[in-house]
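What follows is a set of notes on a single structure, which appears directly below.
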There are 2 protein chains.
Amino acid sequence: MDAAAADDRLDRAFMALADPVRRSIVARLSRGPATVTELAEPFDITTQAVSKHIQVLEAAGLVTRSRDAQRRPVHLDAAALETLTEWIDRYRLIHEQRFRRLDALLASADGADAAASAEQD
Amino acid sequence: MDAAAADDRLDRAFMALADPVRRSIVARLSRGPATVTELAEPFDITTQAVSKHIQVLEAAGLVTRSRDAQRRPVHLDAAALETLTEWIDRYRLIHEQRFRRLDALLASADGADAAASAEQD
DNA sequence: CCATTATTCAACCAATCGCTTGATCAACTA
DNA sequence: TAGTTGATCAAGCGATTGGTTGAATAATGG
């Protein structure tokens, strides 16, 4: 998978979780698979709307679907969720490491000047 | 903060990271603060557009801003990123725990039937 | 075969998104 | 003070979003 495709996947995944209905669906699916009708039940919207939400989650790789007679059970894909936390944590950790370096500099003798140059790093 | 407000914050944060330009800005800010002009430089869009992107990140609580003469340096807020990983990891872990329970049932004597009922959980 | 159930497709609508251009505001500097 | 730099505001535009209604498709069960 090239960088652009990975980017596209992240776009879709973050966008998918930006909607409260879809986040709620993910929360429900963490407890096991469910059909479209079951997933629609708690909401005040049509099953068509929920079907679209599921398509968004599926296009983002966050869920997969199987077949059971007329039903199309939806399953959570936890590995995709992990990709998201990996992206976030990468930059969170870089940021925190930078803070630790800054603290170390401030603790050293000529603190102020060293910190000012670290800021430009 | 009530549940609806927390929901709204998550909406904004996930939506903010759904855009590749904004993710790139977050990546840049993980290495230290930067001004609007600096952040705009790598992209082929106007500074106005970048300014709007930063407003989106700010409204999501992902960045804060300070003042340095005409400049408005942007700083990453790593704590907000942590809120996102917490949300994701909660449901990821619930899902994985459920899988571990399922494995345990399948490993036990009357595996098949027990697993089928667990599926409905 | 026919009716029912579960889901999706299609067309449409109001609202929002990302971006643009042009103007304005704020703060420094020659 | 006048000009310059850095950033934002405002209005507009094409594309996309989340939702609807209505019709179509697929699979089951009597």
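All figures in this text were calculated on a predicted structure; none of them were measured in a lab.
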Can you list everything that forms a side chain to side chain contact (heavy atoms under 4.5 Å, CB included) with [X]? Sequence neighbours excluded, please.
| X | value |
| --- | --- |
| B:Pro42 | none |
| A:Ser24 | A:Phe43 |
| A:Arg22 | A:Ala16, A:Asp19, A:His53, A:Val56, A:Leu57 |

Could you pull out all residues at least two apart from B:Asp8 that satisfy salt bridge (charged side-chain N to carboxylate O under 4.0 Å, His left out)? B:Arg12
Residues at least two apart in sequence or cross-chain that pass salt bridge (charged side-chain N to carboxylate O under 4.0 Å, His left out) with A:Asp89, listed by chain then number, are A:Arg92
D:dG19, OP1 or OP2 - any side-chain N/O from A:His53 closer than 4.0 Å? yes
Mind telling me whether A:Trp87 and A:Phe14 have parallel, tilted or perpendicular rings, with 30° and 60° as the class edges? perpendicular
With a cutoff of under 4.5 Å between side-chain heavy atoms, which Ile, Leu, Val, Met, Phe, Trp and Tyr residues group with B:Met15? A:Met15
Taken to the nearest whole Å, CD1/A:Ile54 to C1'/D:dG18 is 14 Å
B:Lys52 has an atom NZ; how far is it from atom P of D:dA10, in whole Å? 11 Å
Please find the earliest and latest nucleotides of DNA chain C, in the 5' to 3' direction, that have an atom within less than 4.0 Å of any heavy atom of chain A. C:dT5 to C:dA11
With sequence neighbours left out, which residue pairs that include part of residues 50-68 of chain A fulfil the salt bridge (charged side-chain N to carboxylate O under 4.0 Å, His left out) condition? A:Asp68-A:Arg71
Check: residues 77-86 of chain B side-chain donor-acceptor pairs under 3.5 Å, at least two apart:
from: B:Asp77; atom 1: OD1; to: B:Ala79; atom 2: N; distance (Å): 3.0
from: B:Thr83; atom 1: OG1; to: B:Ala79; atom 2: O; distance (Å): 3.3
from: B:Thr85; atom 1: OG1; to: B:Glu82; atom 2: O; distance (Å): 2.8

Among residues 2-20 of chain B, which ones have heavy-atom contacts with DNA chain D below 4.0 Å? none
Protein-proximity profile, nucleotides 21-30 of chain D, B/S/- by nucleotide at the 4.0 Å heavy-atom cutoff, equals BB----BS--
Taking only residues two or more places apart in sequence or in another chain, which ones pass ring-ring contact (aromatic ring centres under 6.0 Å, His included) with B:His95? B:Phe99
